[in-house]
Every structure is written in C-alpha cells, then in structure tokens.
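Convention: sequence-line order gives letters A, B, ...; per-chain numbering from 1.
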2 protein chains.
Amino acid sequence: MHYSERILGYVKRAEQATQSAKERALREFGLTPAQQTAMAILSDHEGITGAQLARECDVTPQTMNSTLVRLERRGIVERTPHPMHGTLVEIRLTRAGRNLFAAADARVAELDAALSKSLDDVELGTLKELLTRIGATAKDQ
Amino acid sequence: MHYSERILGYVKRAEQATQSAKERALREFGLTPAQQTAMAILSDHEGITGAQLARECDVTPQTMNSTLVRLERRGIVERTPHPMHGTLVEIRLTRAGRNLFAAADARVAELDAALSKSLDDVELGTLKELLTRIGATAKDQ
DNA sequence: TGATGGTTATCAGATGGCTGATAGTTAACA
DNA sequence: TGTTAACTATCAGCCATCTGATAACCATCA
C-alpha cells in the first residue's frame, strides 16, 4: 500500500484541516483549540482537578498543567487548593472565563454545524461510528 | 449540540489515537511520525526542495526546516545547494536514511493494515471519502 | 536596465504535545 | 503502626507546529 492511500494519512489530513479551521475561528477570542477544549470540560465540571481534566481531554497531566498555567495567567481559570485533600487543586472558570467561553463556544458550534452540513445525517452518523471504531483499534496497538 | 458530540471532537480523538499508535510503532526506529512522513515523500521525490516538501506534507516551510535539521544531524538526509539556482537546496535521503526508511515504513504499513482490518472494504472506502469531504469543507472556512 | 513582486531558506519566539523525574499525599494492608 | 503502592502536581527538556521577520535570489516587464 502506497503511503498516500493509507488510512493513517486520511485521518491526519482531515484532522489538520478541521483543527486548523477551529484555530482560525478561535483566533478572534485569543484562544487555542486546546484551551477551548479544556474550558468546555471545565464549564461542565466545576472544581475538577488537573489530573481529571487531563483524562477528559485525553492529554497527559503535564500537558494540561501547561495549558492551565497560561489560562490562569490571563485570569480565565483559578486554581484553589482542595479544602480537605492536601495535594489536590480545584480548578474553576472565573466569571471572565465563563463569559469568554460562552462567546467562543458559540463560534465553535457554528463551525461544527458548517462542517456537518457537508454530510447528510446518515453519513455523519457513519463517520462518527467508523472514527470511533478505528480509534479504539489504534489504542489496542 | 453538546461539545462531546461534535464532529470536530470525533476527528480529533481518532487522529490522536492513530498518530499515537504510529508514534509507538516508530519509537524503535528513533523516528517521529513527522520525520517518517517527510522521509516517505523524499523516497518518492529525489532532490526535492524544502518548500516543495513542506507543501507535500502540508506543513509550513519553517516546520519542515526544523524537521530537516534534525534528520540532517543524524545523517538521514543530506542537503546540497542546487547547481544552477542560488537559493534552492536539494534534499536527498542518504544511504543510511533509505535503509532506515525501508524498515520503518514496513512497520507503519503493518500498523495501517491492522487499523484497516477493523473495517470492511466498503467501510474503509466510505471513511476515506467522508474524511476527504469534511477536510475540504474545513479548508473553505 | 532596473524596479517590483514572488519564491526560498532560515532565524526567533510562542504554544502544545510528549517522556522522564521529583516530591508530596492518601489509601490500603500486612 | 508502618510500609508500600497509587495518585497528584509540577519541573525540565525535547519535538512539531505555528506566526512573524529577514535576507537572498529569480523572473518579469516597464
């Protein structure tokens, strides 16, 4: 199989194109795709820890920590030591963070809708299913 | 649409899982996915320039340059000034680079075959087509 | 001829991802 | 009780990627 026809390449190219579109959409908010993803999880899980957030975003705790440092510097999230547990640090969106997220997420939702419109409903479901299956297979390798 | 059901996320997760599998497969050769991709193009395009290689790999010339610096340091590629054109630099795999690529690419082909086996032939074709379409739509955004 | 614009290579600096390592905390159990 | 195992946070360093900037070169055409 020539490398240009490998499924690995198809997935890679599609991801590059879609994430790049997401990056362009987020630029006006000063956010990167990774930051927006972390904020989306945070908006659903008040007071989550960094390690849990990393698992939800499917990155390492170290990667998540570096993202959080940047978001904290800008006053988008705040980290407070857990009241009972000595090691844990609870993470929350600040008020400014919630406002920024609401605006940015609406823009991302708009992009996602535009992407989805290039496929009909059946195709969209098929694509999600096939991507899930091939992702699961990859994890077993 | 809740963020967990967005097509952006499905593509991202699948890419992360498959590229991570590729990274694990390449580790024994001391190569990263980006390096292997550049070597694959080089093996097909003897004497290509950095800018052309960047376009083929769909990255910026700067990104490709940093990858080439690393490959050159390890004696995997060589860069020689174009005989006629003053600015251009021709890039080639060295003999060692060709040998390394042959071994590493066989391993990647094996991984790709394993991933492909989780789908039947029709599904594989469908996946490629849908990924191509959604990627093209993303580029228009 | 010479100026303009497009291409190439490459430096610098930021971000996000990884692995490896360290230190502290908690929980479980012999 | 004390030790061990697991988890958490975080530092350091590497790689890949981007944007922005610079310098050199080439081609075209007024």
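Annotation: side chain of A/P61 is not in contact with side chain of A/N65 (no heavy-atom distance under 4.5 Å). Using a 4.5 Å cut-off on side-chain heavy atoms (C-beta onward), B/L115 and A/V11 make no contact.
Look at CD on A/Q62: it is 14 Å from C1' on C/dA23, rounded to the nearest Å. Between the CG atom of A/N65 and the C1' atom of C/dT19 there is a distance of 15 Å, given to the nearest Å.
Contacts of A/V89 classified as side-chain contact (heavy atoms from CB on, under 4.5 Å), with partners at least two apart in sequence or in another chain: A/R79. Residues passing the salt bridge (charged side-chain N to carboxylate O under 4.0 Å, His left out) test with A/E129 are A/R133, sequence neighbours excluded.
Nearest-nucleotide assignment on DNA chain D puts the 5′-proximal partner with A/I91, out of A/I91 and A/E23.
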Restricting both atoms to N or O, compile the protein contacts to nucleotides 14-17 of chain C shorter than 3.5 Å, with distance only.
residue, atom, partner, partner atom, Å
C/dG16, OP1, A/T32, OG1, 2.2
C/dG16, OP1, A/Q35, NE2, 3.2
C/dG16, OP2, A/R70, NH1, 3.3

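No more than 12 heavy atoms of other residues, nucleotides or ligands lie within 6.0 Å of CG in A/D121, so this atom counts as exposed by the packing criterion.
Remark: the backbone N or O of B/R70 is not paired with any side-chain donor or acceptor of B/R74 at under 3.5 angstrom. A donor-acceptor pair is defined here as one N or O able to donate and one able to accept, closer than 3.5 Å; such a pair exists between the side chain of B/T94 and the backbone of B/G75. Side chain of A/Q141 to backbone of B/L111: no donor-acceptor contact under 3.5 angstrom is found.
Across residues 98-105 of chain A, not one residue has a non-hydrogen atom less than 4.0 Å from an atom of DNA chain C. Within residues 42-52 of chain A, the residues having any heavy atom under 4.0 Å from DNA chain D are, by residue number, A/T49, A/G50, A/A51.
You can see that DNA chain D meets the heavy atoms of chain B within a 4.0 Å-exclusive cut from D/dC15 to D/dC26, reading 5' to 3'.
In summary, B/R107 and B/E110 engage in a salt bridge, as defined by a charged side-chain N under 4.0 Å from a carboxylate O.
Nucleic acid contact class of A/R24 (heavy atoms, under 4.0 Å, all strands): none.
For the pair B/R13 and B/Y10, the cation sits on the ring face: its NZ or CZ lies under 6.0 Å from the ring centre, inside 45° of the axis.
When every heavy atom of A/C57 is checked against every heavy atom of A/T37, the shortest pair comes out as SG-CG2, 3.9 Å.
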